[in-house]
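I have placed the structure first, in the form of C-alpha cells, so that the comments after it can refer back to it.
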Amino acid sequence: MERRKAVRLAAGGEAFVMESLSPQDTWELGKRLGKEAEPGCVICLDGDLGAGKTVFTQGFAAGLGIREPVNSPTFTILKEYEDGRLPLYHFDVYRIGDISEMDEIGYEDCFYGDGVCLVEWPSRIEKLLPKHYVSVSIEQAPEKGFDYRKITVEER
Ligand code: ADP
Ligand code: MG
C-alpha cells in the first residue's frame with residue numbers, strides 16, 4: 001500500500017537533530033510534531049529502555065489534543081486514544097512474542113488508516129513497517145549528563 005506523506009517536518013522534510021536537556025524538552029518536541037501530524041502517519045520511536053519514547057508520546061498526544069493520560073502500553077502492545085484531533089494508536093511491541101500477534105491486533109487498520117501511529121521498539125516488527133514512516137531516534141550520551149538526549153527526526 002502506498003503511503004501519503006508521513007508527516008510535515010519542521011525542517012521541510014529534511015532530517016533534523018535536536019538536543020534535549022530535560023524530559024520537558026522531549027515532551028515539547030513530541031507536542032510540536034503532534035500538532036503537525038497528518039492522518040495516516042506512522043512514527044517509529046527508537047531508543048533504549050528509559051530513553052524517553054513514552055515521554056515523547058505523552059507530548060505528542062498533548063499536541064493532538066488528547067486529554068486521557070498516556071502510559072506505556074507494554075503489557076497490551078496497543079493502546080488507542082480517540083479523544084484528540086486524530087485517533088492515536090500507541091504501540092509498544094517490546095514484549096511481542098511472534099509478529100502474528102500484530103495481525104490479531106489488527107495493526108493494518110492502524111498503519112493504513114486515518115489516525116496516527118507511534119511505535120515503540122519498531123525493530124521488533126521491522127517486516128511489518130510501512131514503506132514510508134518517520135523515524136524518531138532518542139540517544140543517551142552519559143558523558144553529557146543524566147538528562148541529555150540527542151533526538152534525530154528523519155523520514156524513511
Ligand atoms: P522509554 O519509553 O524510552 O522506555 P520513558 O519515556 O518511559 O522511556 O522514560 C524516560 C525516563 O527518562 C523518564 O523517567 C524521564 O523523566 C527521564 N528523562 C530524563 N531526561 C530526559 C530527557 N531529556 N528526555 C526524556 N526523558 C528524560
Ligand atoms: Mg516506553
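Quick note: numbers below take in every heavy atom, side chains included, and nothing from hydrogens, waters or symmetry partners. Remember, it's 1-based here, ligands and their atoms both numbered in the order they're listed. Worth saying up front: this structure is predicted, and the values here are computed from it rather than measured.
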Pair S20-T26, side-chain donor/acceptor within less than 3.5 Å: yes

Hey, are H90 and E120 close enough side-chain-wise for a donor-acceptor pair under 3.5 Å? yes

Look at [atom] and say which protein heavy atom is nearest, naming residue and atom and giving the distance to 0.1 Å.
| atom | value |
| --- | --- |
| atom 16 (O) of ligand 1 | P23 CG, 3.4 Å |
| atom 25 (C) of ligand 1 | T26 OG1, 3.4 Å |
| atom 10 (C) of ligand 1 | G50 O, 3.3 Å |
| atom 18 (N) of ligand 1 | R149 NH2, 3.3 Å |

Checking the side chain of R85 only, and the main-chain atoms of K35 only, is there a donor and an acceptor separated by less than 3.5 Å?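 Yes; at least one donor-acceptor contact below 3.5 Å.
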
Examine distances only and state if a side-chain atom of R67 and a backbone atom of A62 form a donor-acceptor pair shorter than 3.5 Å. no

Mind telling me whether F91 and F111 have parallel, tilted or perpendicular rings, with 30° and 60° as the class edges?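 Perpendicular: the ring planes of F111 and F91 meet at over 60°.
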
Would you say ligand 1 has an N or O under 3.5 Å from any N or O of F146? no

Do G52 and ligand 1 have an N or O pair less than 3.5 Å apart?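 Between G52 and ligand 1 (N or O atoms, distance only) the closest approach is under 3.5 Å.
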
In ligand 1, which numbered atoms sit nearer than 4.0 Å to a non-hydrogen atom of [X]?
| X | value |
| --- | --- |
| E120 | 2 (O) |
| L49 | 4 (O) |
| D147 | 19 (C), 20 (N), 21 (C), 22 (C), 23 (N) |
| D48 | 3 (O) |

Angle at the Mg ion (ligand 2): provide the value between OE1 of E120 and OG1 of T54, rounding to 10 degrees.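 It is 90°, given to the nearest 10°.
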
Quick one: closest heavy-atom pair of M102 and I125, and the distance?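 Shortest heavy-atom separation between M102 and I125 comes out as CE-CD1, 3.6 Å.
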
With a 4.5 Å heavy-atom cut-off, do V134 and V42 have their side chains touching? no

If we only count heavy atoms from C-beta on, is the K31 to Q58 side-chain gap below 4.5 Å? no

Of the choices D46, L45, V55, which has the non-hydrogen atom that lies closest to atom 6 (O) of ligand 1?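 Checking each option, the heavy atom nearest atom 6 (O) of ligand 1 is found in V55.
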
Minimum non-hydrogen distance to atom 7 (O) of ligand 1, winning option of D92, T54, D25: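 When every heavy atom of D92, T54, D25 is considered, T54 comes closest to atom 7 (O) of ligand 1.
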
Is atom 14 (O) of ligand 1 less than 4.0 angstrom from some protein heavy atom?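 Neighbour list for atom 14 (O) of ligand 1 is empty of protein heavy atoms (cut-off 4.0 Å).
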
Value for OG (S137) from CD1 (I151), rounded to nearest 0.5 Å, stands at 9.0 Å

Below 4.0 Å from any atom of ligand 1, is there a heavy atom belonging to S22?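 Yes, S22 has a heavy atom closer than 4.0 Å to ligand 1.
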
Answer yes when E126 and R124 have at least one side-chain N-carboxylate O distance shorter than 4.0 Å, and no when they do not.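 Between R124 and E126 there is no salt bridge, as every charged N stays at least 4.0 Å from the carboxylate O atoms.
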
